[in-house]
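What follows is one structure encoded as C-alpha cells, with my remarks underneath.
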2 protein chains.
Amino acid sequence: MFSKACEYGIRAMIYIGQQSADFGRRVGLKDIAAEIDSPEAFTAKVLQGLVRQQLVTSVKGPTGGFELTPEQLRTVTLKQIVVAIDGPDILQGCALGLPQCSAKQPCPMHFQFLPIRDQLNELLRTHTIGELAGKVHDGLAFLKR
Amino acid sequence: MFSKACEYGIRAMIYIGQQSADFGRRVGLKDIAAEIDSPEAFTAKVLQGLVRQQLVTSVKGPTGGFELTPEQLRTVTLKQIVVAIDGPDILQGCALGLPQCSAKQPCPMHFQFLPIRDQLNELLRTHTIGELAGKVHDGLAFLKR
DNA sequence: CAAATACCGGACAAAAATGTCCGGTAATAA
DNA sequence: TTATTACCGGACATTTTTGTCCGGTATTTG
C-alpha cells in the first residue's frame, strides 16, 4: 500500500505529535527510531523531506529535535504526508496502471475501484496528526509491535 | 497499490480470457504484450508464474500460446492473481507496517482502514477473469492507453 | 569563546523490483 | 523425421527503494 518510507514517516509524525501535544517536548532521532521501531538514518531522511515541506518543525543543537506546533497538529493531515513522501499516485492512479483511465476510457476495474479509492482519499484527507496522536496518548493505539 | 508485475499479470489474464472466450483462440506472448502495452520478456516471467499456479494454461510449439479454459474463466478471481503475484500482504497487512496490528493492539489507523480493506478484499474476491473479459468484449473497458 | 549536541546534505551500499537475453524443451506441421 | 514455432528457466542488467555513513552547520551550555 504505502512505501516503507511513508510508513515510517506517518509513524514518526504521530509519535512526534504525541510528545509535542502531551509534554510540549521535542524528540530526537534516536528516540523516534526507538519508539516507532524504524532504522534511524533512513527515518532521518524521511523527516528531512517533511521538514522541507514544513509539515514538521526541527531545531538543531542541544535540546533540539523535532516537534509539531499546535497549528501543525491541528492542520497536517495524513494525506499531506502520504503525498509528500509517495506522491499522489495512490490517490489518483489507475489500479491496473493504465496511463489514461477515466470514465470515458475505463480499465475493467475502474468503476469498482472508484468508490474504494474515494474512501481512501476521504480517510487520509480528514485525519490530522493531532487526532491520531490523541489515540496513542489515550492508550487506544500503538506505533510498534 | 499493485506492483508492475501484478498490473501486467491482471491485464494479460483479462486479454487472454477475452480471446479465449470470444474466439477460443490461443494468444502468443508478442500478441499479449502488444495488446496490453507491456514489456514482452517481463510479462512472460509473470505469466510463467501464473501457469505454475494453474491460473492460466500454456501450450508450446506452433499454434501454441496462452489460453483460459472455460473453468478458469469462470473460477479464477482477481484475488487469486494478486495473491499469486504480490502475496497476501495488501489484503491483510497493517497500513502502517506494524508486524502485529489487530483490534487488541491496533495502529492509529486500524479501525478506519479495516472497512476499506474489507471492500478491497470483497472486490477482488468476487470478480472473475471471465466477467472482466466480457467488459472488454463489449467495448465497455480497455487494457491500454 | 569553546565544546558538545543534533539536525542537514550528499555520497555511498545493499536489496528488491523491473526488465532483458539466450539456450533448452516441447509441440506442431510439412 | 526434420524444421519451425513458442513457451520455459536461468542468468544477467538496470532502476528504484531501502538503508548507512560521515563531514558540515546551527544551536545551546558552560
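Residue numbers start from 1 in every chain, and the chains themselves are labelled A, B, ... in the order their sequence lines are given, proteins ahead of strands.
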Is any side-chain heavy atom of A:Asp31 closer than 4.5 Å to a side-chain heavy atom of A:Tyr15? yes
Could you grab the distance from atom SG of B:Cys94 to atom CE of A:Met1, nearest 0.5 Å is fine? 11.5 Å
Protein-nucleotides 27-30 of chain C N/O pairs under 3.5 Å:
none

B:Gln48, CD atom: more than 12 neighbouring heavy atoms under 6.0 Å: yes
Can you confirm whether A:Glu40 is buried at CD, in the sense that more than 12 heavy atoms of other residues, nucleotides or ligands lie under 6.0 Å from that atom? yes
From the list B:Gln18, B:Gln19, B:Glu67, side-chain hydrogen bond (donor to acceptor under 3.5 Å, both in side chains) with B:Arg25 holds only for B:Gln19
Scan residues 84-92 of chain A against DNA chain D and write down, sorted by residue number, each residue with any heavy atom closer than 4.0 Å; if none is found, say none. none
Check the distance between C:dC7's C1' and A:Ile32's CD1 and give it to me in whole angstrom. 11 Å
Indicate yes or no for a side-chain donor-acceptor contact from B:Arg11 to the backbone of A:Leu96 under 3.5 Å, with no hydrogens or angles considered. yes
Evaluate side-chain contact (heavy atoms from CB on, under 4.5 Å) for B:Leu124 paired with B:Thr77, printing each intermediate quantity in order. CA-CA 7 Å; B:Leu124 297 178; B:Thr77 63; over 6 Å; no
Interface residues of residues 14-25 of chain B with DNA chain C (non-hydrogen, below 4.0 angstrom): none
Do B:Leu78 and A:Met109 touch side chain to side chain, with heavy atoms closer than 4.5 Å? yes
The first and last nucleotides of DNA chain D lying within contact of chain B, meaning any atom under 4.0 Å from one of its heavy atoms, run from D:dT4 to D:dA11
From CG of B:Leu29 over to C1' of C:dG19, roughly how many Å is that when rounded to an integer? 13 Å
Answer yes or no: is there a donor N or O on one side and an acceptor on the other, between the side chain of A:Gln72 and the main chain of A:Thr69, under 3.5 Å? yes
Are side-chain N/O atoms of A:Gln100 and B:Arg145 paired as donor and acceptor at under 3.5 Å? no
Within residues 35-58 of chain B, those residues having any heavy atom closer than 4.0 Å to DNA chain D are B:Lys45, B:Gln48, B:Val51, B:Arg52, B:Ser58
Distance-only criterion, 3.5 Å: show the donor-acceptor pairs between side-chain atoms of residues 127-142 of chain A and protein atoms not counting sequence neighbours.
| residue | atom | partner | partner atom | Å |
| --- | --- | --- | --- | --- |
| A:His127 | ND1 | A:Leu123 | O | 2.9 |
| A:Thr128 | OG1 | A:Glu131 | N | 3.2 |
| A:Lys135 | NZ | B:Pro108 | O | 3.4 |
| A:Lys135 | NZ | B:Gln112 | OE1 | 3.3 |

So do the side chains of B:Lys79 and B:Asn121 get within less than 4.5 Å of each other, counting heavy atoms only? yes
Would you say the side chain of B:Phe66 lies within less than 4.5 Å of the side chain of B:Leu50, judging by non-hydrogen atoms? no
Hey, are A:Glu71 and A:Arg74 close enough for a salt bridge, meaning a charged N less than 4.0 Å from a carboxylate O? no
Close side-chain approach of B:Thr57 and B:Leu68, heavy atoms under 4.5 Å: no
